[in-house]
Amino acid sequence: MDAFDLDAIVVGAGFAGLYMLRRLREQGLRARLLEAGDQVGGTWFWNRYPGARCDFESHDYSYGFDDRLQQEWTWTERYPGQPEILRYLNHVADRFGLRADITLRARVTTAHYDEDGRRWTVQTDDGTVASARFLIMATGALSAPRVPDFPGLDSFRGRRFHTAAWPGEAVDFTGRRVAVIGTGSSGVQVITEIAPRAAHLYVMQRTAGFVIPSWNRPLTDTEVRAVKDDYPAFRDRARETFLGVYSRASAGPSALAVPEAERTAEYEKAWSAGLGLLGIYGDLIIDQAANDTLADFIRAKIAEIVTDPRTARLLSPRGYPVGPRTETAAYDVDDIVFATGFDALTGPLLAIDIRGAGGRVLADEWSAGPATYLGLAVSGFPNLFPIAGPGGPGVLTNVVRTIEHDVDWITGLLGYMGDHGYATAEAGPGEQRAWGERVAAVAGATLFPRANSWYLGANIPGKPRVFMPYAGGLPGYRQICQDIADHGYRGFAFAR
Ligand SMILES: Cc1cc2nc3c(=O)[nH]c(=O)nc-3n(C[C@H](O)[C@H](O)[C@H](O)COP(=O)(O)OP(=O)(O)OC[C@H]3O[C@@H](n4cnc5c(N)ncnc54)[C@H](O)[C@@H]3O)c2cc1C
């Protein structure tokens, strides 16, 4: 590869980057993918902690772009574990011969746009420099792990781990005193694996989450056959659901419109089927009273399962302090496992010194929160395209479905530019502002912003409190993007 003779640079080798690279090559574009990790797989390479598992079903959480791939790959469990997803992504990299255009252990540190040459130049932490017309950021929404700055942490002499930077080799917790900090998705998963091995496990919980059983199990041959025989319809239906999943049930538009006994029966049914409770009624994410009915149901389940009433109360969603030295007690531990999450959505992008037209700095432009057009472009940063970025629906959906959409849409845009002889595409500032207002309005009509979550940046001190994802669901988002494409990529300024 000539690092200065590229059409496109893709950053990140997870679901997004691998598929993007494949599409760029199909377009006949010369592309190189730069990945910080020493393997492909993104999330599923970094999060190798025991118990790591996807919470969408395997047939949903997989690529749909190639039928031969769908037919030859056989998922073994209802919810795929991290090792199986990592094997799958490695298979994809081999299957489509992608490795030849991937450089591993290459963390991009700077990306600067040269207006005269109309090219992006990137530099990696080992000093490699490359330049290309297009810069596609497949850097992931949850790839910048966060370790809270606890006073005294430096003096801790034991082993410490972060779930999102887990070592490749197995970690033995036998006979050790372990603290797991955080009870989000990763914390809950890792706790159940460490508990049986450790001499003592301390779980440091600030806020109890709504944890529901997944009822994972091996898939039967009949189940696998049924999906394989019908993949096109399966994918079509998934794309038409709010979350982008085939396998979620819905009992109706409103939890409040049905008698309590009927509602509870539906919740029971969903509880025993596994996950997906939030999709049972259409108003659960928009109406507090509706949502309360589900919250009460889950709290009642916790009270039923956890026989000690005090523990049950603590595990029922409320706010609590966090840390090996909590506000009330100190604990001696050998190991600390940080399951403390990520600087989500903006973190991976702002970790890079990105400078666009006129030398404008992305970190400055986003000092009050991220601003994008559709989550797919940034005004002032021509030919820079984030995938499943802030302003898109990604993290509120089956991310793989959104990624496929985004990659296809970006590919369509690049094709359009090629057909018209355009060298650059840049989102207009007015359209970007309007999109930001739309994202905020849609979020404001839901209950999402009421929780102090990472969607809002609430887990990072000093991060602007802006609800970052588009909460309007995948079908609506697809429709908007399609409409914009059909109108000559309305909102973009093109230059030859
Ligand atoms: C523990 C965990 C569980 C999850 N479970 C689900 C789930 O059940 N369902 C769901 O839909 N989603 C889930 N997600 C979200 C998941 O991140 C996405 O589904 C999907 O894997 C994202 O793919 P991606 O390619 O966009 O990003 P990633 O998989 O995060 O890949 C991004 C890659 O970019 C690389 N990178 C970042 N910055 C740089 C840089 N500066 N230079 C070079 N390389 C860089 C990273 O090293 C990483 O490999 C989960 C995430 C985590 C962390």
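Order of appearance sets the numbers: ligands from 1, and atoms from 1 within every ligand.
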May I ask you to identify, for Ala16, whether its side chain, its backbone, both or neither come under 4.0 Å of ligand 1 on a heavy-atom basis? both

Near-ring test Tyr88/Trp75, centroid separation under 6.0 angstrom: yes

Hey, does Thr397 sit under 4.0 Å from ligand 1 if you only count heavy atoms? yes

Is Ile352 in contact with ligand 1, taking contact as a heavy-atom separation below 4.0 Å? yes

Using the benzene-type ring in the case of Trp, are the ring centres of Tyr63 and Phe15 under 6.0 Å apart? yes

Would you please determine whether Trp46 falls within less than 4.0 Å of ligand 1 on a heavy-atom basis? yes

Just to be sure I read this right, does ligand 1 sit under 4.0 Å from the backbone of Ala144, its side chain, both, or neither, counting only heavy atoms? neither

Logged contact type for Ala138 with ligand 1, heavy-atom cut-off 4.0 Å, is backbone

Pick one of side chain, backbone, both or neither for how Val400 approaches ligand 1, counting any non-hydrogen atom pair under 4.0 Å. neither

Measure the distances from the heavy atoms of Pro348 to every atom of ligand 1 and state whether one is below 4.0 angstrom. no

Is it true that the side chains of Asn383 and Arg119 contain a donor and an acceptor less than 3.5 Å apart? no

Is ligand 1 less than 4.0 angstrom away from at least one heavy atom of Ala164? no

For Asn398, the atoms of ligand 1 under 4.0 Å from one of its heavy atoms are 11 (O)

